[in-house]
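Order of the sequence lines fixes the chain letters, A, B, ..., with proteins taken first and strands second; residue numbering starts at 1 for each chain.
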Protein chains: 2
Amino acid sequence: MTTPGRGLHGRVLDSLGPAITAGEYPPGSVLRTDELAKDFEVSRSVMREAVRVLESMHLVESRRRVGVTVRPKAEWNVYDPQVIRWRLAGADRPQQLRSLTVLRSAVEPIAAGLAAKFATAEQCAELTECAIGMVANSRGHKLEAYLVHDVAFHRVILAASGNEMFARLGDVVTEVLAGRTHHEVMFEDPDPAAVTLHVQVAEAVREGDAVRAETLTREITIGALHELDILAP
Amino acid sequence: MTTPGRGLHGRVLDSLGPAITAGEYPPGSVLRTDELAKDFEVSRSVMREAVRVLESMHLVESRRRVGVTVRPKAEWNVYDPQVIRWRLAGADRPQQLRSLTVLRSAVEPIAAGLAAKFATAEQCAELTECAIGMVANSRGHKLEAYLVHDVAFHRVILAASGNEMFARLGDVVTEVLAGRTHHEVMFEDPDPAAVTLHVQVAEAVREGDAVRAETLTREITIGALHELDILAP
DNA sequence: GTGACATATAAGTCTGACTTTTTGGTTCGG
DNA sequence: CCGAACCAAAAAGTCAGACTTATATGTCAC
(Lines give C-alpha, C1' and ligand atoms only; values in the text may rest on other atoms or scores of the structure.)
Protein backbone atom coordinates (compact mmCIF):
# COMPACT_ATOMS: atom_id res chain seq x y z
CA MET A 1 0.00 0.00 0.00
CA THR A 2 2.48 2.62 1.18
CA THR A 3 6.01 2.70 -0.13
CA PRO A 4 7.91 0.06 1.76
CA GLY A 5 11.42 0.64 3.00
CA ARG A 6 11.77 4.36 2.48
CA GLY A 7 15.22 4.38 3.95
CA LEU A 8 16.89 2.18 6.48
CA HIS A 9 14.75 3.30 9.39
CA GLY A 10 11.72 2.35 7.35
CA ARG A 11 12.87 -1.20 7.01
CA VAL A 12 13.50 -1.37 10.73
CA LEU A 13 9.96 -0.15 11.34
CA ASP A 14 8.49 -2.70 8.95
CA SER A 15 9.99 -5.33 11.16
CA LEU A 16 9.71 -3.81 14.62
CA GLY A 17 6.23 -2.34 14.23
CA PRO A 18 4.48 -5.60 13.37
CA ALA A 19 6.44 -7.36 16.10
CA ILE A 20 5.17 -4.96 18.73
CA THR A 21 1.56 -4.84 17.54
CA ALA A 22 1.55 -8.61 17.34
CA GLY A 23 2.46 -8.75 21.00
CA GLU A 24 5.87 -10.25 20.37
CA TYR A 25 7.16 -7.66 22.80
CA PRO A 26 4.36 -7.62 25.39
CA PRO A 27 3.37 -4.34 27.03
CA GLY A 28 5.82 -3.43 29.73
CA SER A 29 8.79 -5.03 27.99
CA VAL A 30 11.88 -2.91 27.97
CA LEU A 31 14.10 -2.56 24.93
CA ARG A 32 17.46 -0.86 24.72
CA THR A 33 18.19 1.35 21.73
CA ASP A 34 21.75 0.26 21.09
CA GLU A 35 20.87 -3.35 21.61
CA LEU A 36 18.16 -3.03 18.96
CA ALA A 37 20.60 -1.19 16.74
CA LYS A 38 22.96 -4.12 17.02
CA ASP A 39 20.21 -6.67 16.39
CA PHE A 40 19.04 -4.90 13.27
CA GLU A 41 22.56 -4.08 12.19
CA VAL A 42 21.96 -0.37 11.83
CA SER A 43 23.54 2.64 13.45
CA ARG A 44 22.14 4.13 16.63
CA SER A 45 20.93 7.22 14.79
CA VAL A 46 18.80 5.13 12.47
CA MET A 47 17.39 3.13 15.36
CA ARG A 48 16.69 6.32 17.28
CA GLU A 49 14.63 7.65 14.39
CA ALA A 50 12.66 4.42 14.26
CA VAL A 51 12.01 4.58 17.99
CA ARG A 52 10.85 8.18 17.66
CA VAL A 53 8.26 7.12 15.13
CA LEU A 54 7.04 4.27 17.32
CA GLU A 55 6.87 6.76 20.15
CA SER A 56 4.74 9.13 18.09
CA MET A 57 2.35 6.24 17.52
CA HIS A 58 2.21 5.73 21.28
CA LEU A 59 3.42 2.17 20.80
CA VAL A 60 6.40 2.73 23.05
CA GLU A 61 7.69 5.23 25.56
CA SER A 62 11.33 6.18 25.81
CA ARG A 63 12.71 7.19 29.18
CA ARG A 64 16.20 7.93 30.36
CA ARG A 65 17.99 5.34 32.40
CA VAL A 66 15.24 2.81 31.84
CA GLY A 67 14.97 2.27 28.08
CA VAL A 68 12.20 1.95 25.55
CA THR A 69 9.13 0.39 27.14
CA VAL A 70 6.20 -1.03 25.19
CA ARG A 71 2.94 0.67 26.07
CA PRO A 72 -0.32 -1.16 26.82
CA LYS A 73 -2.49 -1.71 23.78
CA ALA A 74 -5.13 0.67 25.11
CA GLU A 75 -2.80 3.60 24.53
CA TRP A 76 -1.81 2.86 20.96
CA ASN A 77 -2.80 5.27 18.21
CA VAL A 78 -5.12 2.74 16.64
CA TYR A 79 -6.22 5.16 13.94
CA ASP A 80 -2.74 5.44 12.50
CA PRO A 81 -3.01 3.76 9.08
CA GLN A 82 0.41 2.23 9.60
CA VAL A 83 -0.65 0.68 12.90
CA ILE A 84 -3.86 -0.58 11.31
CA ARG A 85 -1.89 -2.21 8.52
CA TRP A 86 0.52 -3.83 10.96
CA ARG A 87 -2.32 -5.19 13.06
CA LEU A 88 -4.23 -6.43 10.03
CA ALA A 89 -1.13 -8.31 8.97
CA GLY A 90 -0.67 -10.03 12.31
CA ALA A 91 -2.42 -12.01 14.97
CA ASP A 92 -4.70 -9.09 15.81
CA ARG A 93 -6.33 -9.34 12.43
CA PRO A 94 -9.74 -10.70 13.50
CA GLN A 95 -10.23 -8.23 16.33
CA GLN A 96 -9.01 -5.38 14.17
CA LEU A 97 -11.38 -6.32 11.38
CA ARG A 98 -14.29 -6.46 13.78
CA SER A 99 -13.64 -3.14 15.46
CA LEU A 100 -13.10 -1.45 12.12
CA THR A 101 -16.34 -2.87 10.77
CA VAL A 102 -18.22 -1.55 13.78
CA LEU A 103 -16.62 1.84 13.18
CA ARG A 104 -17.77 1.67 9.57
CA SER A 105 -21.30 0.86 10.70
CA ALA A 106 -21.32 4.04 12.74
CA VAL A 107 -19.70 6.37 10.26
CA GLU A 108 -20.81 5.38 6.79
CA PRO A 109 -24.56 5.92 7.18
CA ILE A 110 -23.98 9.43 8.49
CA ALA A 111 -21.44 10.05 5.73
CA ALA A 112 -23.97 8.90 3.13
CA GLY A 113 -26.57 11.27 4.53
CA LEU A 114 -24.13 14.16 4.27
CA ALA A 115 -23.09 13.05 0.80
CA ALA A 116 -26.71 13.32 -0.30
CA LYS A 117 -26.60 16.96 0.71
CA PHE A 118 -23.15 17.95 -0.43
CA ALA A 119 -22.01 15.65 -3.24
CA THR A 120 -21.01 17.42 -6.44
CA ALA A 121 -22.45 16.41 -9.78
CA GLU A 122 -19.12 14.82 -10.58
CA GLN A 123 -19.18 12.75 -7.41
CA CYS A 124 -22.74 11.64 -8.14
CA ALA A 125 -21.62 10.49 -11.57
CA GLU A 126 -18.66 8.62 -10.10
CA LEU A 127 -20.94 6.97 -7.59
CA THR A 128 -23.30 5.80 -10.29
CA GLU A 129 -20.41 4.46 -12.33
CA CYS A 130 -19.19 2.50 -9.33
CA ALA A 131 -22.63 1.05 -8.73
CA ILE A 132 -22.87 0.03 -12.37
CA GLY A 133 -19.43 -1.56 -12.14
CA MET A 134 -20.56 -3.52 -9.11
CA VAL A 135 -23.64 -4.78 -10.88
CA ALA A 136 -21.61 -5.74 -13.94
CA ASN A 137 -19.22 -7.83 -11.84
CA SER A 138 -21.69 -9.25 -9.36
CA ARG A 139 -21.95 -12.62 -11.06
CA GLY A 140 -19.47 -15.09 -12.40
CA HIS A 141 -16.72 -15.03 -9.81
CA LYS A 142 -15.35 -11.67 -10.84
CA LEU A 143 -14.58 -10.83 -7.23
CA GLU A 144 -11.52 -8.70 -7.92
CA ALA A 145 -13.28 -6.43 -10.36
CA TYR A 146 -16.25 -6.23 -8.02
CA LEU A 147 -13.98 -5.25 -5.13
CA VAL A 148 -12.40 -2.41 -7.08
CA HIS A 149 -15.78 -0.81 -7.65
CA ASP A 150 -17.01 -1.53 -4.15
CA VAL A 151 -13.97 0.16 -2.65
CA ALA A 152 -14.30 3.12 -5.00
CA PHE A 153 -17.96 3.46 -4.10
CA HIS A 154 -17.36 3.74 -0.39
CA ARG A 155 -14.40 6.07 -0.87
CA VAL A 156 -16.54 8.45 -2.90
CA ILE A 157 -19.27 8.42 -0.27
CA LEU A 158 -16.79 9.24 2.47
CA ALA A 159 -15.13 11.97 0.42
CA ALA A 160 -18.44 13.44 -0.71
CA SER A 161 -19.58 13.82 2.89
CA GLY A 162 -17.46 16.94 3.01
CA ASN A 163 -16.11 15.91 6.40
CA GLU A 164 -12.34 15.59 6.48
CA MET A 165 -12.40 13.03 9.29
CA PHE A 166 -14.76 10.80 7.34
CA ALA A 167 -12.78 11.26 4.16
CA ARG A 168 -9.63 10.00 5.84
CA LEU A 169 -11.36 6.72 6.69
CA GLY A 170 -11.24 5.83 3.02
CA ASP A 171 -8.00 3.94 3.48
CA VAL A 172 -9.43 2.06 6.43
CA VAL A 173 -12.50 0.97 4.52
CA THR A 174 -10.30 -0.10 1.65
CA GLU A 175 -8.30 -2.34 3.95
CA VAL A 176 -11.43 -3.85 5.47
CA LEU A 177 -13.08 -4.58 2.15
CA ALA A 178 -9.89 -5.95 0.65
CA GLY A 179 -9.35 -8.07 3.75
CA ARG A 180 -12.86 -9.44 3.54
CA THR A 181 -12.50 -10.45 -0.07
CA HIS A 182 -9.03 -11.89 0.21
CA HIS A 183 -8.93 -13.62 3.57
CA GLU A 184 -12.29 -13.99 5.21
CA VAL A 185 -15.70 -14.83 3.86
CA MET A 186 -16.82 -14.13 0.31
CA PHE A 187 -15.87 -17.19 -1.64
CA GLU A 188 -18.91 -16.83 -3.79
CA ASP A 189 -20.50 -13.96 -5.66
CA PRO A 190 -21.65 -11.07 -3.51
CA ASP A 191 -25.14 -10.97 -2.08
CA PRO A 192 -27.47 -9.59 -4.78
CA ALA A 193 -29.40 -7.66 -2.15
CA ALA A 194 -26.22 -5.81 -1.16
CA VAL A 195 -25.57 -4.90 -4.78
CA THR A 196 -29.06 -3.51 -5.13
CA LEU A 197 -28.60 -1.47 -1.97
CA HIS A 198 -25.52 0.16 -3.42
CA VAL A 199 -27.41 1.10 -6.57
CA GLN A 200 -30.17 2.57 -4.45
CA VAL A 201 -27.74 4.56 -2.32
CA ALA A 202 -26.29 6.07 -5.48
CA GLU A 203 -29.83 6.97 -6.48
CA ALA A 204 -30.68 8.54 -3.15
CA VAL A 205 -27.49 10.61 -3.11
CA ARG A 206 -28.15 11.77 -6.65
CA GLU A 207 -31.67 12.84 -5.66
CA GLY A 208 -30.42 14.54 -2.50
CA ASP A 209 -32.50 12.28 -0.28
CA ALA A 210 -30.36 12.27 2.87
CA VAL A 211 -32.64 10.15 5.02
CA ARG A 212 -32.93 7.43 2.42
CA ALA A 213 -29.22 7.43 1.71
CA GLU A 214 -28.51 7.06 5.42
CA THR A 215 -31.07 4.31 5.95
CA LEU A 216 -29.94 2.29 2.95
CA THR A 217 -26.29 2.62 3.89
CA ARG A 218 -27.15 1.46 7.38
CA GLU A 219 -28.61 -1.68 5.83
CA ILE A 220 -25.36 -2.24 3.95
CA THR A 221 -23.25 -1.92 7.09
CA ILE A 222 -25.62 -4.13 9.04
CA GLY A 223 -24.96 -6.75 6.40
CA ALA A 224 -21.24 -6.30 6.93
CA LEU A 225 -21.70 -6.77 10.67
CA HIS A 226 -23.68 -9.95 10.10
CA GLU A 227 -20.93 -11.35 7.91
CA LEU A 228 -18.60 -11.17 10.89
CA ASP A 229 -21.24 -12.51 13.29
CA ILE A 230 -21.19 -9.29 15.27
CA LEU A 231 -24.95 -8.89 15.35
CA ALA A 232 -27.16 -11.36 17.15
CA PRO A 233 -30.42 -11.69 15.15
CA MET B 1 -2.53 17.24 28.12
CA THR B 2 0.48 15.24 27.02
CA THR B 3 3.90 15.86 28.46
CA PRO B 4 5.29 18.87 26.67
CA GLY B 5 8.88 19.06 25.59
CA ARG B 6 9.99 15.51 26.19
CA GLY B 7 13.45 16.19 24.92
CA LEU B 8 14.80 18.70 22.46
CA HIS B 9 13.08 17.16 19.46
CA GLY B 10 9.81 17.48 21.34
CA ARG B 11 10.22 21.20 21.72
CA VAL B 12 11.01 21.50 18.04
CA LEU B 13 7.81 19.61 17.25
CA ASP B 14 5.75 21.81 19.55
CA SER B 15 6.81 24.70 17.41
CA LEU B 16 7.03 23.17 13.95
CA GLY B 17 3.88 21.05 14.17
CA PRO B 18 1.48 23.90 14.90
CA ALA B 19 3.21 26.02 12.27
CA ILE B 20 2.57 23.44 9.60
CA THR B 21 -1.00 22.60 10.59
CA ALA B 22 -1.76 26.31 10.78
CA GLY B 23 -0.72 26.64 7.17
CA GLU B 24 2.29 28.78 7.97
CA TYR B 25 4.20 26.52 5.63
CA PRO B 26 1.60 25.93 2.91
CA PRO B 27 1.38 22.52 1.23
CA GLY B 28 4.10 22.12 -1.34
CA SER B 29 6.58 24.27 0.56
CA VAL B 30 10.03 22.80 0.74
CA LEU B 31 12.11 22.87 3.90
CA ARG B 32 15.72 21.90 4.28
CA THR B 33 16.73 19.85 7.30
CA ASP B 34 19.97 21.60 8.10
CA GLU B 35 18.41 24.98 7.57
CA LEU B 36 15.69 24.11 10.07
CA ALA B 37 18.34 22.75 12.40
CA LYS B 38 20.09 26.10 12.24
CA ASP B 39 16.87 28.06 12.74
CA PHE B 40 15.91 26.05 15.79
CA GLU B 41 19.48 25.91 17.04
CA VAL B 42 19.57 22.16 17.37
CA SER B 43 21.80 19.51 15.88
CA ARG B 44 20.91 17.80 12.63
CA SER B 45 20.20 14.53 14.40
CA VAL B 46 17.58 16.15 16.60
CA MET B 47 15.97 17.87 13.64
CA ARG B 48 16.00 14.64 11.69
CA GLU B 49 14.09 12.90 14.48
CA ALA B 50 11.52 15.68 14.49
CA VAL B 51 11.11 15.42 10.74
CA ARG B 52 10.67 11.66 11.02
CA VAL B 53 7.79 12.18 13.41
CA LEU B 54 6.16 14.74 11.15
CA GLU B 55 6.63 12.30 8.32
CA SER B 56 4.91 9.52 10.27
CA MET B 57 1.96 11.89 10.70
CA HIS B 58 1.93 12.39 6.95
CA LEU B 59 2.37 16.12 7.47
CA VAL B 60 5.54 16.16 5.39
CA GLU B 61 7.42 13.98 2.97
CA SER B 62 11.18 13.77 2.89
CA ARG B 63 12.91 13.05 -0.38
CA ARG B 64 16.53 13.01 -1.42
CA ARG B 65 17.89 15.90 -3.37
CA VAL B 66 14.67 17.88 -2.93
CA GLY B 67 14.09 18.34 0.79
CA VAL B 68 11.18 18.08 3.18
CA THR B 69 7.95 19.03 1.43
CA VAL B 70 4.72 19.82 3.23
CA ARG B 71 1.90 17.51 2.18
CA PRO B 72 -1.60 18.67 1.26
CA LYS B 73 -4.02 18.77 4.16
CA ALA B 74 -6.06 15.92 2.71
CA GLU B 75 -3.22 13.52 3.42
CA TRP B 76 -2.59 14.41 7.04
CA ASN B 77 -3.23 11.83 9.75
CA VAL B 78 -6.07 13.86 11.19
CA TYR B 79 -6.84 11.24 13.82
CA ASP B 80 -3.46 11.66 15.47
CA PRO B 81 -4.22 13.22 18.86
CA GLN B 82 -1.16 15.39 18.50
CA VAL B 83 -2.31 16.72 15.14
CA ILE B 84 -5.78 17.31 16.55
CA ARG B 85 -4.34 19.29 19.43
CA TRP B 86 -2.17 21.37 17.12
CA ARG B 87 -5.10 22.16 14.88
CA LEU B 88 -7.38 22.99 17.79
CA ALA B 89 -4.76 25.43 19.01
CA GLY B 90 -4.48 27.23 15.69
CA ALA B 91 -6.44 28.85 12.94
CA ASP B 92 -8.05 25.55 11.98
CA ARG B 93 -9.87 25.44 15.26
CA PRO B 94 -13.43 26.10 14.00
CA GLN B 95 -13.26 23.62 11.16
CA GLN B 96 -11.63 21.04 13.39
CA LEU B 97 -14.29 21.48 16.04
CA ARG B 98 -17.03 21.06 13.48
CA SER B 99 -15.65 17.94 11.86
CA LEU B 100 -14.98 16.37 15.24
CA THR B 101 -18.51 17.12 16.39
CA VAL B 102 -19.90 15.46 13.28
CA LEU B 103 -17.71 12.47 14.00
CA ARG B 104 -19.07 12.37 17.54
CA SER B 105 -22.60 12.48 16.22
CA ALA B 106 -21.89 9.38 14.18
CA VAL B 107 -19.98 7.40 16.77
CA GLU B 108 -21.47 8.14 20.17
CA PRO B 109 -25.00 6.86 19.55
CA ILE B 110 -23.66 3.54 18.31
CA ALA B 111 -21.24 3.42 21.20
CA ALA B 112 -24.07 4.04 23.66
CA GLY B 113 -26.06 1.22 22.12
CA LEU B 114 -23.12 -1.13 22.54
CA ALA B 115 -22.53 0.14 26.06
CA ALA B 116 -26.09 -0.84 26.96
CA LYS B 117 -25.19 -4.38 25.95
CA PHE B 118 -21.68 -4.69 27.31
CA ALA B 119 -21.20 -2.23 30.17
CA THR B 120 -20.05 -3.78 33.43
CA ALA B 121 -21.85 -3.08 36.68
CA GLU B 122 -18.96 -0.86 37.65
CA GLN B 123 -19.24 1.17 34.46
CA CYS B 124 -22.99 1.55 35.00
CA ALA B 125 -22.31 2.87 38.48
CA GLU B 126 -19.71 5.30 37.16
CA LEU B 127 -22.13 6.48 34.53
CA THR B 128 -24.82 7.13 37.08
CA GLU B 129 -22.37 9.03 39.26
CA CYS B 130 -21.39 11.19 36.33
CA ALA B 131 -25.01 11.94 35.53
CA ILE B 132 -25.65 12.87 39.14
CA GLY B 133 -22.59 15.11 39.09
CA MET B 134 -23.90 16.82 35.98
CA VAL B 135 -27.27 17.44 37.58
CA ALA B 136 -25.65 18.75 40.73
CA ASN B 137 -23.61 21.28 38.77
CA SER B 138 -26.18 22.17 36.14
CA ARG B 139 -27.21 25.44 37.79
CA GLY B 140 -25.31 28.35 39.26
CA HIS B 141 -22.47 28.85 36.82
CA LYS B 142 -20.51 25.83 37.94
CA LEU B 143 -19.39 25.17 34.40
CA GLU B 144 -16.01 23.70 35.27
CA ALA B 145 -17.43 21.11 37.63
CA TYR B 146 -20.14 20.32 35.12
CA LEU B 147 -17.56 19.84 32.38
CA VAL B 148 -15.58 17.35 34.43
CA HIS B 149 -18.61 15.11 34.83
CA ASP B 150 -19.74 15.60 31.25
CA VAL B 151 -16.34 14.54 29.95
CA ALA B 152 -16.23 11.57 32.28
CA PHE B 153 -19.70 10.51 31.18
CA HIS B 154 -18.81 10.38 27.52
CA ARG B 155 -15.50 8.66 28.17
CA VAL B 156 -17.24 5.92 30.11
CA ILE B 157 -19.76 5.43 27.31
CA LEU B 158 -17.02 5.11 24.72
CA ALA B 159 -14.98 2.76 26.89
CA ALA B 160 -17.99 0.65 27.85
CA SER B 161 -18.82 0.09 24.18
CA GLY B 162 -16.12 -2.55 24.20
CA ASN B 163 -14.80 -1.27 20.89
CA GLU B 164 -11.17 -0.21 21.00
CA MET B 165 -11.58 2.31 18.18
CA PHE B 166 -14.44 4.02 19.98
CA ALA B 167 -12.58 3.93 23.28
CA ARG B 168 -9.66 5.79 21.76
CA LEU B 169 -11.95 8.65 20.80
CA GLY B 170 -12.23 9.54 24.47
CA ASP B 171 -9.41 12.04 24.18
CA VAL B 172 -11.00 13.62 21.13
CA VAL B 173 -14.35 14.07 22.86
CA THR B 174 -12.56 15.53 25.84
CA GLU B 175 -10.92 18.15 23.66
CA VAL B 176 -14.19 19.01 21.95
CA LEU B 177 -16.15 19.39 25.17
CA ALA B 178 -13.38 21.37 26.83
CA GLY B 179 -13.08 23.56 23.78
CA ARG B 180 -16.79 24.21 23.75
CA THR B 181 -16.88 25.26 27.40
CA HIS B 182 -13.75 27.36 27.29
CA HIS B 183 -13.81 29.12 23.95
CA GLU B 184 -17.08 28.82 22.11
CA VAL B 185 -20.63 28.97 23.24
CA MET B 186 -21.80 28.03 26.73
CA PHE B 187 -21.57 31.20 28.74
CA GLU B 188 -24.61 30.22 30.71
CA ASP B 189 -25.72 27.10 32.48
CA PRO B 190 -26.13 24.04 30.27
CA ASP B 191 -29.44 23.25 28.66
CA PRO B 192 -31.62 21.42 31.24
CA ALA B 193 -32.97 19.18 28.50
CA ALA B 194 -29.43 17.98 27.72
CA VAL B 195 -28.83 17.21 31.37
CA THR B 196 -31.99 15.15 31.52
CA LEU B 197 -30.95 13.26 28.40
CA HIS B 198 -27.68 12.26 30.05
CA VAL B 199 -29.54 10.95 33.08
CA GLN B 200 -31.82 8.97 30.83
CA VAL B 201 -28.94 7.52 28.85
CA ALA B 202 -27.40 6.32 32.10
CA GLU B 203 -30.75 4.72 32.89
CA ALA B 204 -31.08 3.05 29.53
CA VAL B 205 -27.54 1.65 29.69
CA ARG B 206 -28.17 0.37 33.20
CA GLU B 207 -31.32 -1.36 32.01
CA GLY B 208 -29.59 -2.77 28.94
CA ASP B 209 -31.97 -0.96 26.59
CA ALA B 210 -29.68 -0.52 23.58
CA VAL B 211 -32.22 1.10 21.28
CA ARG B 212 -33.21 3.72 23.85
CA ALA B 213 -29.59 4.44 24.75
CA GLU B 214 -28.77 4.96 21.10
CA THR B 215 -31.78 7.14 20.40
CA LEU B 216 -31.24 9.33 23.45
CA THR B 217 -27.55 9.74 22.73
CA ARG B 218 -28.42 10.73 19.20
CA GLU B 219 -30.55 13.50 20.63
CA ILE B 220 -27.59 14.69 22.68
CA THR B 221 -25.29 14.80 19.68
CA ILE B 222 -27.95 16.52 17.58
CA GLY B 223 -27.96 19.20 20.22
CA ALA B 224 -24.19 19.50 19.92
CA LEU B 225 -24.52 19.87 16.17
CA HIS B 226 -27.10 22.61 16.60
CA GLU B 227 -24.82 24.53 18.92
CA LEU B 228 -22.34 24.82 16.08
CA ASP B 229 -25.04 25.64 13.53
CA ILE B 230 -24.25 22.51 11.58
CA LEU B 231 -27.85 21.36 11.27
CA ALA B 232 -30.38 23.37 9.31
CA PRO B 233 -33.72 23.25 11.23
C1' DG C 1 14.07 17.79 -30.02
C1' DT C 2 15.95 13.57 -27.83
C1' DG C 3 18.86 10.78 -25.36
C1' DA C 4 23.13 9.92 -22.75
C1' DC C 5 25.98 11.75 -19.41
C1' DA C 6 27.97 14.69 -15.90
C1' DT C 7 27.32 17.45 -11.73
C1' DA C 8 25.62 19.50 -7.79
C1' DT C 9 22.54 19.03 -3.97
C1' DA C 10 20.25 17.55 0.01
C1' DA C 11 18.94 13.60 2.48
C1' DG C 12 20.76 9.42 4.49
C1' DT C 13 24.15 6.89 7.27
C1' DC C 14 27.80 5.97 10.52
C1' DT C 15 30.93 6.81 14.35
C1' DG C 16 32.67 8.41 18.58
C1' DA C 17 32.75 11.51 22.23
C1' DC C 18 30.26 13.91 25.56
C1' DT C 19 26.02 15.39 28.63
C1' DT C 20 21.97 14.69 31.38
C1' DT C 21 18.58 12.47 33.81
C1' DT C 22 17.08 8.91 36.69
C1' DT C 23 17.17 4.86 39.43
C1' DG C 24 18.68 1.94 42.87
C1' DG C 25 21.77 1.03 46.26
C1' DT C 26 24.65 2.68 50.16
C1' DT C 27 25.72 5.10 53.99
C1' DC C 28 24.89 7.87 57.78
C1' DG C 29 22.03 9.83 61.48
C1' DG C 30 17.91 9.49 64.14
C1' DC D 1 15.11 -0.42 62.45
C1' DC D 2 13.87 3.25 59.40
C1' DG D 3 14.31 7.34 56.73
C1' DA D 4 16.91 10.90 54.37
C1' DA D 5 20.76 12.29 51.95
C1' DC D 6 24.10 10.95 48.83
C1' DC D 7 26.66 8.51 45.15
C1' DA D 8 27.55 5.86 41.16
C1' DA D 9 26.13 3.46 37.08
C1' DA D 10 23.14 3.02 33.20
C1' DA D 11 20.76 4.38 29.35
C1' DA D 12 18.86 7.92 26.60
C1' DG D 13 19.91 12.38 24.71
C1' DT D 14 22.86 15.60 22.21
C1' DC D 15 26.38 17.10 19.16
C1' DA D 16 29.88 17.48 15.39
C1' DG D 17 31.99 15.85 11.37
C1' DA D 18 32.99 12.79 7.68
C1' DC D 19 31.24 10.09 4.28
C1' DT D 20 27.57 7.74 1.00
C1' DT D 21 23.70 7.65 -2.07
C1' DA D 22 19.97 8.91 -4.73
C1' DT D 23 18.19 12.16 -7.92
C1' DA D 24 16.82 16.48 -10.20
C1' DT D 25 18.68 19.27 -13.51
C1' DG D 26 21.54 21.10 -16.80
C1' DT D 27 24.77 20.09 -20.83
C1' DC D 28 26.30 18.24 -24.82
C1' DA D 29 26.38 15.48 -28.93
C1' DC D 30 23.49 13.61 -32.31
Original post:
Roughly how bent is the helix from C:dG1-D:dC30 to C:dG30-D:dC1 end to end, in steps of 10 degrees, with each end axis from five pairs?
Top reply: 10°
**OP:** Work out which heavy atom in B:Tyr146 is nearest to a heavy atom in B:Ser138; give both atom names and the distance.
**Re:** CD1-CA, 4.2 Å
Subject >> Pair B:Arg6 + B:Asp14, salt bridge at N-O below 4.0 Å >> reply: yes
Subject >> Closest non-hydrogen atom pair between A:Trp86 and A:Met57, with its separation >> reply: CZ3-SD, 3.7 Å
Subject >> Outermost DNA chain C nucleotides near chain B [under 4.0 Å, heavy atoms] >> reply: C:dA8 to C:dT13
**OP:** Please list all pairs passing the side-chain hydrogen bond (donor to acceptor under 3.5 Å, both in side chains) test where one or both residues lie in residues 19-36 of chain B, with sequence neighbours left out.
**Re:** B:Arg32-B:Glu35
**OP:** Using only heavy-atom distances, determine whether the side chains of A:Arg63 and A:Thr69 contain a donor-acceptor pair under 3.5 Å.
**Re:** no
**OP:** Check side chain to side chain contact (heavy atoms under 4.5 Å, CB included) between A:Ser56 and all other residues, then give those that pass, not counting sequence neighbours.
**Re:** B:Val53, B:Ser56
Original post:
Which heavy-atom pair separates B:Arg104 from B:Ala224 by the least distance, and what is that distance?
Top reply: NH1-CB, 4.3 Å
**OP:** Using the side chain to side chain contact (heavy atoms under 4.5 Å, CB included) rule, pick out the option among B:Leu88, B:Thr101, B:Val78, B:Val176 that qualifies with B:Gln96.
**Re:** B:Leu88
Original post:
For A:Ser99 and B:Glu164, does a side-chain donor sit closer than 3.5 Å to a side-chain acceptor?
Top reply: yes
Original post:
Under 30°, 30 to 60°, or over 60°: which ring-plane class applies to A:Tyr79 and B:Tyr79, parallel, tilted or perpendicular?
Top reply: parallel
Close N/O contacts between protein and nucleotides 5-7 of chain D (under 3.5 Å):
none

Original post:
Just one of A:Val148, A:Asp150, A:Leu147 clears the side chain to side chain contact (heavy atoms under 4.5 Å, CB included) bar with A:Met134, so which one?
Top reply: A:Asp150
**OP:** Give the B/S/- string for nucleotides 11-20 of chain D, one per nucleotide from 5' to 3', where a protein heavy atom under 4.0 Å of the base yields B, of only the sugar-phosphate yields S, and otherwise -.
**Re:** SBBBB--B--
**OP:** Over all heavy atoms of both residues, which pair between A:Leu158 and A:Ser161 is shortest? Give the atoms and the distance, please.
**Re:** O-OG, 2.7 Å
